[in-house]
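Reviewing the structure listed below.
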Amino acid sequence: MKIATWNVNSLRVRLPHVIEWLTQNPVDVLGLQELKLQDADFPHEAFQALGYHVAASGQKTYNGVAIVSRHPLENVTRGMLGYEDEQKRVIAATTRGVRIVNVYVPNGQALGTDKYAYKLDWLQALERYLRAQLTAYPLLAVTGDYNIAPAPEDTHDPTVWEGGILCSDAERERLRALLDLGLSDCFRLFEQAEQSFTWWDYRAAGFRRNLGLRIDHVLASRELVANCRACVIDTAPRKLERPSDHTPLIAEFELPAA
DNA sequence: ATGGCAGACCATGTCTGA
């Protein structure tokens, strides 16, 4: 079972890329973030035509998440129970016995801002939410744009990023708390090339110069991670005309017989 | 030292992103 994540930065603009990518990479599950469109405008037909099922939670202009799945989606939920939030950042569903939680973690803008406080509060709510999800669903994958680089080596230049937004101690502690629930960062289960990133700034030729960050992750529960066979970044879509600033990350699992 | 690009919106500038 292949489970992928991709922040598309406007599904309206990126739909051709997503459809082409799914055609070339027929993953079982794809978590999308930053749809930037309302549910009424979600392009269901394009995914149906490829044989995919979709559950979405969108809003106008900002945020928005969806789960695209080759197999039917069950027990779809939107948002985090007990955490009121106008911003559409969480969607979850079960497919083939695996619980998928797909998240778009707040950016946080800058340390000390209201948005930063919201990010830290939101991450605490995510911890509570995932603790409950793990209890109910031992086979759990959490896909998403976490907007946190876990360690200095997940930035192109620690002297630029360390201590700042996406790399502050408080953010990393919140991510660590998620891992401490019994989740693993699938990417680091395997030997990887140095300077491996999932996001590059549009400005200053960031991608060409590989000035990136690794901020998109697939976390897997103990029961699921035992069956993880690979985790790779696909930089191909970042090379296309009018790309998203993020590129897909794919984790592959050998599932125990149902 | 700063901004640099991209997307959305009752747009011709402003907000947000990371």
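Every chain is numbered from 1 and lettered A, B, ... according to where its sequence line falls, protein lines coming before strand lines.
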> Taking any strand in view, what nucleotide pairs with B/dC15 in a Watson-Crick or G-U wobble way, both distances under 3.5 Å?
Replying inline: B/dG7

> B/dG17 P sits how many Å from A/D216 CG, rounded?
Replying inline: 15 Å

> How would you label the contact of A/E34 with the nucleic acid (heavy atoms, under 4.0 Å): base, sugar-phosphate, or nothing?
Replying inline: sugar-phosphate

>> Suppose you measure atom P in B/dT14 against the same atom in B/dG3; what distance do you get, rounded to whole Å?
In response: 14 Å

> Expressed in angstrom and rounded to an integer, what is the separation of A/D245 atom CG from B/dG17 atom P?
Replying inline: 12 Å

> What is the distance from CZ of A/R203 to P of B/dT16, rounded to the nearest Å?
Replying inline: 15 Å

> Between B/dG17 atom P and A/Q33 atom CD, what is the distance in whole Å?
Replying inline: 14 Å

> With a non-hydrogen cut-off below 4.0 angstrom, is A/Y104 in contact with a base, only sugar-phosphate, or nothing?
Replying inline: sugar-phosphate

>> Considering every strand and a 4.0 Å limit on heavy-atom distances, what is the contact class for A/N147: base, sugar-phosphate, or nothing?
In response: sugar-phosphate

> So what does A/L213 hit on the nucleic acid, given a heavy-atom distance under 4.0 Å: a base, only sugar-phosphate, or nothing?
Replying inline: sugar-phosphate

>> Keeping A/S221 on the side-chain end and A/L140 on the backbone end, is there a donor-acceptor pair under 3.5 Å?
In response: yes

> If we take the P atom in both B/dC15 and B/dC10, what is their distance in whole Å?
Replying inline: 15 Å

> Which residue, A/Q87 or A/R209, contacts DNA chain B at a nucleotide closer to its 5' end, judged by nearest heavy atom?
Replying inline: A/R209

>> Without decimals, in angstroms, what is the distance between A/H246 NE2 and B/dA6 P?
In response: 14 Å

> Mind checking the P distance from B/dA6 to B/dT2? Whole angstroms is fine.
Replying inline: 23 Å

> How long is the line joining OH of A/Y116 and C1' of B/dT16, in whole Å?
Replying inline: 19 Å

> Is A/N25 reaching over with its side chain to a backbone N or O of A/V27, donor-acceptor style, under 3.5 angstrom?
Replying inline: no

>> Let me spell it out: for each of A/A204 and A/A110, pick the nucleotide of DNA chain B with the closest heavy atom. Which residue's pick is nearer the 5' end?
In response: A/A204

> Name the one of A/W200, A/Y202, A/F197 that satisfies ring-ring contact (aromatic ring centres under 6.0 Å, His included) with A/F207?
Replying inline: A/W200

> Does some side-chain heavy atom of A/I19 sit less than 4.5 Å from a side-chain heavy atom of A/F47?
Replying inline: yes

> How would nucleotides 7-12 of chain B be written as a contact map, 5' to 3', with B for base contact, S for sugar-phosphate-only contact and - for no contact, using protein heavy atoms under 4.0 Å?
Replying inline: SSSS--

>> Could you identify the nucleotide paired to B/dT2, looking across every strand shown and requiring Watson-Crick or G-U wobble geometry with both distances under 3.5 Å?
In response: none

> Rounding to a whole Å, what distance do you find between A/W122:CH2 and B/dG17:C1'?
Replying inline: 16 Å

> Which part of the nucleic acid, if any, lies within reach of A/N7 when heavy atoms closer than 4.0 Å are counted: base, sugar-phosphate only, or nothing?
Replying inline: sugar-phosphate

> What interatomic distance, in whole Å, is found between C1' of B/dG17 and the corresponding atom of B/dG4?
Replying inline: 14 Å

> Any side-chain heavy-atom pair from A/V90 and A/S57 closer than 4.5 angstrom?
Replying inline: no

>> Between A/Q87 and A/Q59, is there a side-chain heavy-atom distance shorter than 4.5 Å?
In response: yes

> Under a 4.5 Å cut-off applied to non-hydrogen side-chain atoms, are A/E173 and A/L123 in contact?
Replying inline: no

>> Quick check for you: to the nearest 0.5 Å, what is the distance between A/L35 atom CG and A/K60 atom NZ?
In response: 16.0 Å

> CG of A/L211 versus P of B/dG3: gap in Å, rounded?
Replying inline: 18 Å

